[in-house]
Structures are given as C-alpha cells and as structure tokens.
Amino acid sequence: MCQPQKTSNLFRAAAEVGSNHILKLYDTNGSVVKISPRLEANSEDSYYRLEVVASDLQSVGMPTELDDIESRLQHLESKVMEDAGKTPDIIDELKSQVESFKRKLESVQHLNWMGLFNKDGDHQRSKFSKKPTTPHLSVDQEHQQVRKNFTNMSSLQVTEKVREHLKTPNFDNWQWEEAEMLVLLQVMFTDLDFLMAFHIELDVLQNFLFEVYCHYNSIPFHNFHHCFCVTQMMYGLIWLTDLRSRLPRLDLLIMLTSALCHDLDHPGYNNVFQINAQTDLAIRYNDISPLENHHCAVAFGILAKPECNILKNLSSEQYRLVRGGMIRCILATDMARHNEILNKFKSIQPAFDFNNKEHKEVLMKIMVKVSDISNEARPMAVAEQWLDCLLQEFFNQSDTEKLKGLPVAAFMDRDKVSKPSSQTSFIRFVLLPLFSELTKLFPCLEEHILEPVRQALEYYSTLERAGKDEELTTKA
Ligand code: 0WF
Ligand code: ZN
C-alpha cells in the first residue's frame with residue numbers, strides 16, 4: 001500500500017501536472033472522492049474520473065509559465081540594451097502583452113471559488129476549471145446532485161466582493177456552476193430584503209429556486225444559465241438605477257421573479273416555429289404568444305405547490321398585484337411586441353412619473369425586456385459565448401424547419417448568417433433604440449449598458465467589413 005502523499009503524487013504523474021495544480025477524483029455518481037491509498041479498484045460498473053480542476057493561483061500567485069516568460073524577457077532586454085543601447089519596440093510590446101495578460105488574470109481571480117467561499121472553505125475551483133461532466137447521470141440524478149450541492153452551501157459564505165460584483169453587468173456567468181448560481185439567486189432575494197418584507201421562509205425560497213432550475217431545459221440558449229443572466233441583469237439594474245427608492249418593493253419582487261421565470265420550459269424553438277408547425281402550445285394558446293403564455297403558466301404551476309410558494313404569506317391584494325404584474329412582464333418578452341412596447345415607453349418617457357400606474361407598468365416591462373436581451377452589454381468574452389449558444393439554437397431550429405418543409409427565417413439559416421451580420425443589425429435596430437430610451441430616464445446607465453453595446457457594434461461592424469473585403473478579394 002502507498003502512503004497518502006505518494007498516492008497523490010501518483011495521480012499527479014498520471015495527470016501530467018505539477019504540485020501547484022488541484023486534482024479532483026470523481027466516482028461514477030459524480031461525487032468527489034478523497035484521493036487516498038485506501039481507494040477501491042476501478043471496475044466495469046464503478047470507476048473513477050480524474051480531473052485537473054485548477055491551477056492554484058492563490059498559492060503561486062501567477063502561473064509559473066508567465067513568470068518564466070517575464071524573466072526571460074527581462075534577461076533579453078538587458079542583453080539587447082548592452083548591445084544596442086535601447087529597448088527595441090518589439091520587446092516593449094511583448095512586455096506590455098505579458099503585463100496585460102497578468103492584469104486580466106488578476107482581475108478574474110476574485111471570481112473563482114475562493115472568492116465565493118471563505119478562505120477556510122474546502123472547495124477550490126478557478127476560472128480554468130471545467131464543470132465536471134457527468135454524462136452517465138440521468139437529468140433527474142443531475143438535478144438531485146445540484147440540489148444537494150445547493151443546500152450544502154450557505155449564502156453567508158458569499159463574500160462581499162462577489163455580492164457587489166453581482167450588482168453589475170460585468171458579472172461573468174460562465175464562472176459559476178448551477179448550484180452556485182442558485183446560491184447567488186438566493187443572495188439576490190435576500191439582499192433586496194424580500195424575505196423580511198414578504199415573510200418568505202428560506203426553505204420555501206430554496207424549493208422555489210430549485211424547481212425553477214429543474215423547469216429550464218438543457219438546450220443551447222434558453223436554459224437555466226440564460227435565466228440566471230437575465231435575473232442577474234435585472235438585479236443589477238435595480239441597484240444601478242436605485243429603483244429601491246423609486247418603486248414599491250412589491251414591484252421589485254414582480255420584476256425579479258418575472259426575470260427568473262420568463263423562459264421556463266422553453267423548448268428551443270420560437271413562436272414562429274410553434275405556429276407554423278401547429279404545435280400543442282400554439283393550439284393551446286391560439287397562436288397568441290404561445291411560448292410566453294406557457295412560461296408564465298409553468299411559473300404559476302410551480303408557485304401552486306405550497307412548499308415552493310414564495311407568495312404564500314402575501315395578502316390577497318398583494319398576490320393579485322404580483323400575479324398581474326408577472327403575467328404582464330413575462331408576456332412582454334415576446335419580441336413580436338417589441339415596437340408596441342418601446343413606442344409606448346417613448347411616448348410617456350419625457351413626462352415619466354413613478355407614481356403613475358400606467359407609466360410604472362410600461363417601465364417594468366421595459367426593464368424585463370432590457371434584461372432579457374442584454375448579453376451585448378456584458379464583457380465581450382461573456383457576450384460572444386452567448387451569441388454562439390443562440391446561433392446554435394437558431395441553427396437547430398432552421399435545420400428542423402428545412403426537414404419539415406416549414407418556412408426558414410434568414411437570420412436562423414446557417415447558410416446565410418454570420419456572427420457579425422446577425423449582431424450589427426440587432427444592435428442597430430433593436431438594442432440601441434431600446435437601451436437609449438431607458439438611459440434617457442436613468443442617465444447613469446450610459447456607462448453600464450449603452451457604451452458597452454456601442455463598443456460591441458463597433459467590434460462587429462469591423463468584423464463585418466473585414467468579411468466583405470475578404471469576399472471581394474476572393475471573387476476578384
Ligand atoms: C443573433 C441575433 C440576436 N442577438 C442577441 O444578442 C440576442 C439576444 N436575444 N436575442 C438575440 N438575438 C433573441 C433571442 C430570442 C429573442 C431575442 N438575432 C436577432 C436576429 C438575429 O436578427 C434581427 C435583427 C434585427 C431585427 C430582428 C432580428
Ligand atoms: Zn429570455
């Protein structure tokens with residue numbers, strides 16, 4: 001039998017990593033197993049999976065490779081200085097690239113697992129870790145695993161730094177696992193004081209959040225990660241615009257819960273598909289926003305379970321307001337109604353009055369709509385991954401439409417669109433007009449959502465022009 005240290009060295013050798021990497025061993029159920037000399041042997045039915053989950057940035061500061069590059073550059077610089085008397089531009093450029101990469105690494109370190117949990121927490125995961133994939137688990141088993149991890153974590157361990165970051169559009173959803181996102185959603189409800197104000201019991205909130213999670217499908221875009229992002233953006237907007245001091249708390253509850261529920265049980269095929277294919281949803285809702293009606297009905301189905309009903313301690317008047325508000329906000333996310341809602345907002349915006357019921361209702365719809373389509377307001381690297389997910393879902397739909405002989409929208413057709421072409425028109429004609437209108441009411445949003453979207457337009461316009469130039473030169 002091996003000694004414990006030797007066992008872990010054996011695993012490190014097998015994974016071809018050094019002592020500053022963190023290894024995790026998973027059993028067939030996806031649970032973490034302690035690496036020890038007393039491990040059972042692998043068998044056909046029960047086998048382990050070894051993962052390098054992190055490079056331990058916390059203890060080594062920066063990856064050693066980066067330090068090596070930096071010191072070799074310094075060495076090279078002093079050598080060249082001896083010969084030429086000045087530092088060549090290329091070395092200055094390389095030095096600034098290394099510096100900028102180091103800054104990027106430092107700026108994301110606080111987001112890793114060590115940032116979420118206190119130093120003495122026993123979890124360690126960094127930006128570089130991959131979510132353990134457990135393909136052998138059924139959807140139900142995977143959900144239960146998430147439930148276990150969610151309830152084993154305490155939101156008290158979410159650091160102040162993460163709580164503050166959660167209030168900004170810069171938050172990077174790709175850093176977090178599903179159970180962690182559930183904890184962060186719980187933090188949003190608690191930090192807006194909903195538990196106190198509406199007498200929501202913690203276990204009821206957790207049951208509700210978990211049921212919401214279970215009712216999002218595993219599809220490329222309209223999944224639980226999208227639900228999380230939309231809710232997080234709504235949460236950020238509430239703080240950035242100081243809505244807590246302008247609207248009653250019940251309205252904030254309506255907006256956050258609507259964001260959370262707005263795409264429940266999305267099948268990955270849009271309303272046009274539902275209507276053209278005459279699906280059960282289109283038949284049930286008479287072709288009128290079939291998806292949005294369904295998302296909303298699923299939400300109230302979850303709330304109908306007493307153990308999940310976060311609204312159970314509201315007065316009947318409060319309940320009536322929340323139900324009406326959520327229905328309005330969720331139905332407003334149908335993009336077919338975009339111009340109708342934006343034009344209404346435009347007409348009232350110059351004389352907007354937070355005490356006017358009609359004004360307030362339009363604003364709430366606009367806030368949910370903005371949150372829903374706000375990926376391009378996020379950092380470029382975050383937004384670009386979202387675009388890939390969306391195009392994947394669109395292409396799945398158009399492939400099915402082609403097979404079924406149904407009409408295909410050009411913007412979903414893999415033979416017709418490119419990332420830049422789909423984004424430039426969407427940003428120009430949908431995002432900028434919508435975000436500009438909201439920014440007129442809340443000028444502070446200029447830097448947080450409008451400017452990043454303008455930059456995204458510049459980025460995709462440049463790519464689009466480059467694509468066209470290349471097309472011309474290949475044709476010539
Ligand atoms: C790819 C592009 C697009 N880009 C986004 O950033 C985004 C966010 N949400 N959505 C987005 N669509 C949609 C998901 C479901 C509803 C909204 N799409 C939009 C389409 C290609 O192109 C246009 C362009 C202008 C007007 C209408 C559609
Ligand atoms: Zn959505």
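Indexing begins at 1, ligand by ligand and atom by atom, following the structure's order.
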Colleague: Closest to the Zn ion (ligand 2), which N/O/S atom of Asp263 is it?
Modeller: OD2
Colleague: State yes or no: are the ring centers of His143 and Tyr213 separated by less than 6.0 Å?
Modeller: yes
Colleague: Got a sec: does the NZ of Lys305 have more than 12 other heavy atoms crowding it under 6.0 Å?
Modeller: yes
Colleague: Identify the residue among His262, His215, His266 that makes a ring pair (Phe, Tyr, Trp, His ring centres under 6.0 Å) with His295.
Modeller: His266
Colleague: Output yes if Cys227 passes the N/O/S-under-2.8 Å test against the Zn ion (ligand 2); output no otherwise.
Modeller: no
Colleague: Please could you name the atoms of ligand 1 that Ser422 approaches to less than 4.0 Å, counting only its heavy atoms?
Modeller: 1 (C)
Colleague: Would you mind finding which of His338, Met335, Glu376, Lys419 brings a heavy atom closest to atom 16 (C) of ligand 1?
Modeller: Met335
Colleague: Nearest to atom 19 (C) of ligand 1 by heavy atom, Phe221, Phe429, Phe426: which?
Modeller: Phe426
Colleague: Is the Phe354-Phe352 ring centre distance short of 6.0 angstrom?
Modeller: yes
Colleague: If you take the centroid of each ring, where Trp contributes its six-membered ring, are Phe411 and Phe394 closer together than 6.0 Å?
Modeller: yes
Colleague: If hydrogens are left out, which of Leu390, Ile427, Ile373 has an atom nearest to atom 11 (C) of ligand 1, that is, the closest non-hydrogen atom?
Modeller: Leu390
Colleague: For ligand 1, find out whether one of its N or O atoms is nearer than 3.5 Å to an N or O atom of Asp372.
Modeller: no
Colleague: Going by an N to O cut-off under 4.0 Å, is there a salt bridge joining Glu401 and Lys404?
Modeller: no
Colleague: Of the protein's non-hydrogen atoms, which lies at the shortest distance from atom 2 (C) of ligand 1, and what is that distance?
Modeller: Gln423 OE1, 3.4 Å
Colleague: So Pro267 and Ile219, do their side chains get closer than 4.5 Å, heavy atoms only?
Modeller: no
Colleague: Using a 6.0 Å cut-off, check whether atom NZ of Lys344 has over 12 heavy atoms from anything other than its own residue.
Modeller: no
Colleague: Give me the residue, atom name and distance of the protein heavy atom closest to atom 21 (C) of ligand 1.
Modeller: Phe411 CD1, 3.6 Å
Colleague: By atom name, which N, O or S atom belonging to His226 lies closest to the Zn ion (ligand 2)?
Modeller: NE2
Colleague: Do any of the N, O or S atoms of His262 sit under 2.8 Å from the Zn ion (ligand 2)?
Modeller: yes
Colleague: Does only the side chain of Phe394 get under 4.0 Å from ligand 1, or the backbone, or both, or neither? Count heavy atoms.
Modeller: side chain
Colleague: With respect to the Zn ion (ligand 2), what is the nearest N, O or S atom of Asp372?
Modeller: OD1
Colleague: At what distance is the nearest protein heavy atom to atom 15 (C) of ligand 1, and which residue and atom is it?
Modeller: His222 NE2, 3.9 Å
Colleague: If you have a sec, work out which protein heavy atom is nearest atom 26 (C) of ligand 1 and how many Å separate them, to one decimal?
Modeller: Val430 CG2, 3.8 Å
Colleague: Do Ser421 and Glu464 have a side chain donor and acceptor closer than 3.5 Å?
Modeller: no
Colleague: Is Glu317 atom CD crowded by more than 12 heavy atoms from other residues, nucleotides or ligands, each under 6.0 Å away?
Modeller: yes
